[in-house]
Amino acid sequence: MLRIKSGYGTNTLPFWAVLNLYIIFICTSIPGLAISPIMGDLTRIFPGTSALESQLLEVGPNFAAIPFVFLGGWIGTRFNNNKLTFWTCLFYGVCGILFFFVPNMITLIILSFLIGIAAGILSPLSTAFIADLFDGKKRTAQYGYTSATLNLVLMGCTVATGYLAKIDWRLPFMIYLLPIVPLFFAKGFGKYIKEPSQIRKSADQGNQKVHYKFSEQVNIGMLVRYCAFYFFITLVIAAISLYLPFRYSNSSTAGDLTSILFFGIMASGYTLNWCLRFLKNKVAIVAIVCIAVGFGLMTFWSDVIIVGLGILIATYFYGIAQPYYYNKLSVASSRIALTLTLAWFASMDSIGNVVAPFIIDGIAKLFHTSTQTHPIIAFRLCFYMCILAVIAVIIYMIYSDIRKKGKKNEVVATPEADTTASSK
């Protein structure tokens, strides 16, 4: 049987366990995928569909996921993670089956919200499972591989669901049956993941139970910085898929450019460890500079090839930053608080995608223009926002270096003071 190195000494994992992990990870991002191909046909499928209902259907899964990412993270620090995953996947799968029997638009919206809830609960669990199953460079690589595989699947499913929708509008909902697969692996998968009760028992002092505060189990400053950074880059990258269809009226051109977005993130995931050898601890500044360069190409050139190159550069370095900081947080947090820590970080993805159009359109209105009539404005605003972010990162790096030098001087000065005092 094929086995995968875990990074924990000579320990290896069966291929089926890693495959199951990947499927759980993919399930966190498929809500809404089956809806995209039928968005333009909703008034035909459900006559009388209002603009508000269409918007609710589009943003519903991401909006519903936000509070349940935190709930999943909180529950994951206290209760059996394997059982939680099993019941969530069962709920997800049942909702997926019900999509085939949708009688009206309201039911479709409700089911979309429900699978968003399930995806939200699974999100912090799936990333915590990676931290449980892998260690060191293998863990870093797996965060990249899961991200890359997710985008490869999304790219393939986007094409497949488009063709399936032409045959029958219900066929794309087959993708929502994927959560049923982990149900068959649940019993065996539980042997490889750490449960909160086991973690707390090993961390408690003898027979005395210890009350753990979240703020004491994670580097809060690091968590806030990483969340802010991830929220920002998610927001600007979301603008690409949001405004490309308005910039390019030809749907095939817009579709080809959107596929580059998935390809860029996929390519970065499979080359993560290789790229980190060169970037080392400069990931934040390199990533934000390259995203700014990408938006510069998208903004100041109209040639489709150059715009595509800009999308590729921006999304490649977005794809490097995302798994890199997931891995950094798994080290910055104790295992007791890890699921909730990753929930905070994962929520930035949903929040960034939900608020992106409101923030970008709101800024455009301040300058008395509209992204609907002038979609290039959205790309220009993202470029300027990236420039400001580059400045902010540079300022923080300078500030951080000054603090480190100050601490080193204190360490050096202390022994000298002690020696002087003793000589007197």
Side-chain angles (χ1 to χ4, degrees), residues 23-39 42 46 49 52-76 84-102 104-128 146-147 150-151 153-154 157-158 161 169-170 172-183 230-231 234-235 237-238 241-242 322 339-340 342-358:
I23 292 171
I24 294 170
F25 195 86
I26 290 167
C27 289
T28 65
S29 295
I30 57 174
L33 191 65
I35 299 297
S36 299
I38 65 170
M39 284 300 293
L42 284 176
F46 300 113
T49 298
L52 176 61
E53 287 174 329
S54 297
Q55 289 171 351
L56 282 173
L57 186 61
E58 196 168 6
V59 303
N62 271 327
F63 191 77
I66 294 170
F68 286 91
V69 168
F70 293 109
L71 181 62
W74 180 81
I75 295 174
L84 179 59
T85 302
F86 176 86
W87 289 110
T88 304
C89 284
L90 180 61
F91 171 75
Y92 201 149
V94 170
C95 290
I97 294 170
L98 293 177
F99 269 98
F100 289 91
F101 305 98
V102 170
N104 52 50
M105 186 64 177
I106 298 299
T107 307
L108 188 62
I109 292 171
I110 291 171
L111 286 175
S112 295
F113 268 80
L114 291 177
I115 63 169
I117 290 170
I121 294 171
L122 289 178
S123 185
L125 292 172
S126 63
T127 49
T146 50
S147 175
L150 167 64
N151 283 278
V153 170
L154 290 178
C157 287
T158 300
T161 53
W169 68 272
R170 296 179 189 270
F173 297 135
M174 287 194 297
I175 190 66
Y176 296 153
L177 303 180
L178 187 62
I180 294 174
V181 176
L183 301 179
Y230 185 38
F231 167 78
T234 299
L235 187 151
I237 293 298
S241 56
L242 280 171
Q322 182 199 47
T339 313
L340 187 54
L342 294 176
W344 276 98
F345 190 73
S347 69
M348 296 300 110
D349 183 77
S350 296
I351 295 172
N353 280 290
V354 167
V355 304
F358 301 104

Is there a donor-acceptor contact under 3.5 Å from the side chain of Y176 to the main chain of A34? yes
Do I106 and E53 come within less than 4.5 Å of each other through their side chains, counting heavy atoms only? yes
Gap separating the CG atom of L114 from the CD1 atom of I109, nearest 0.5 angstrom: 12.0 Å
Please confirm whether the backbone N or O of P124 pairs with a side-chain atom of T127, one donor and one acceptor, at under 3.5 Å? yes
Could you check whether any side-chain heavy atom of F99 comes within less than 4.5 Å of a side-chain heavy atom of S112, counting everything from C-beta outward? yes
Output for pair (N151 CG, Q322 CD), nearest 0.5 Å, gives 7.5 Å
So, for A119 and C27, which heavy atoms are closest and what is the spacing to 0.1 Å? CB-O, 3.9 Å
Less than 4.5 Å apart, any side-chain heavy atom of T234 and any of M348? no
Grab the two heavy atoms, one from P357 and one from N353, that are nearest each other, plus how far apart they are. CD-O, 3.7 Å
Nearest heavy-atom neighbours spanning A128 and L342: N-CD1, 3.5 Å
Side-chain touch C157/I30, heavy atoms, less than 4.5 angstrom: no
Closest heavy-atom contact between L57 and M105? CD2-CE, 3.6 Å
Inter-residue atom distance I115.CD1 - L98.CG, 0.5 Å rounding: 11.0 Å
Can you tell me how far CG of L183 sits from OG1 of T88, rounded to the nearest 0.5 angstrom? 10.5 Å
To the nearest 0.5 Å, how far apart are CG in L235 and CD1 in I351? 11.0 Å
If you round to the nearest 0.5 Å, how far is CD1 of I23 from CD1 of I180? 12.0 Å
So, S126 side chain and S123 main chain: donor-acceptor pair closer than 3.5 Å or not? yes
Do F173 and I35 make a side-chain contact, defined as non-hydrogen atoms from C-beta onward lying under 4.5 Å apart? yes
Restricting to non-hydrogen atoms, name the atom on S350 and the atom on I66 that form the minimum distance, rounded to 0.1 Å. CB-CG1, 3.6 Å
Evaluate the criterion side chain to side chain contact (heavy atoms under 4.5 Å, CB included) for residue pair F70 and S347; output intermediate values, then yes/no. CA-CA 7 Å; F70 293 109; S347 69; 3.3 Å; yes
Just so I know, are the side chains of F101 and T107 near enough to count as touching, which here means a heavy-atom distance under 4.5 Å? no
Close side-chain approach of L84 to I121, heavy-atom, < 4.5 Å: yes
Show the nearest heavy-atom pair for residues Y92 and L122, with the distance to one decimal. CD1-CD1, 4.0 Å
Counting only heavy atoms not in F63 (residues, nucleotides, ligands), do more than 12 fall under 6.0 Å from its CZ? no
Heavy-atom check, side chain of W87 versus side chain of L90, under 4.5 Å: yes
Yes or no on ring-ring contact (aromatic ring centres under 6.0 Å, His included) for W344 and Y230, after CA distance, side-chain angles and deciding distance? CA-CA 11 Å; W344 276 98; Y230 185 38; over 10 Å; no
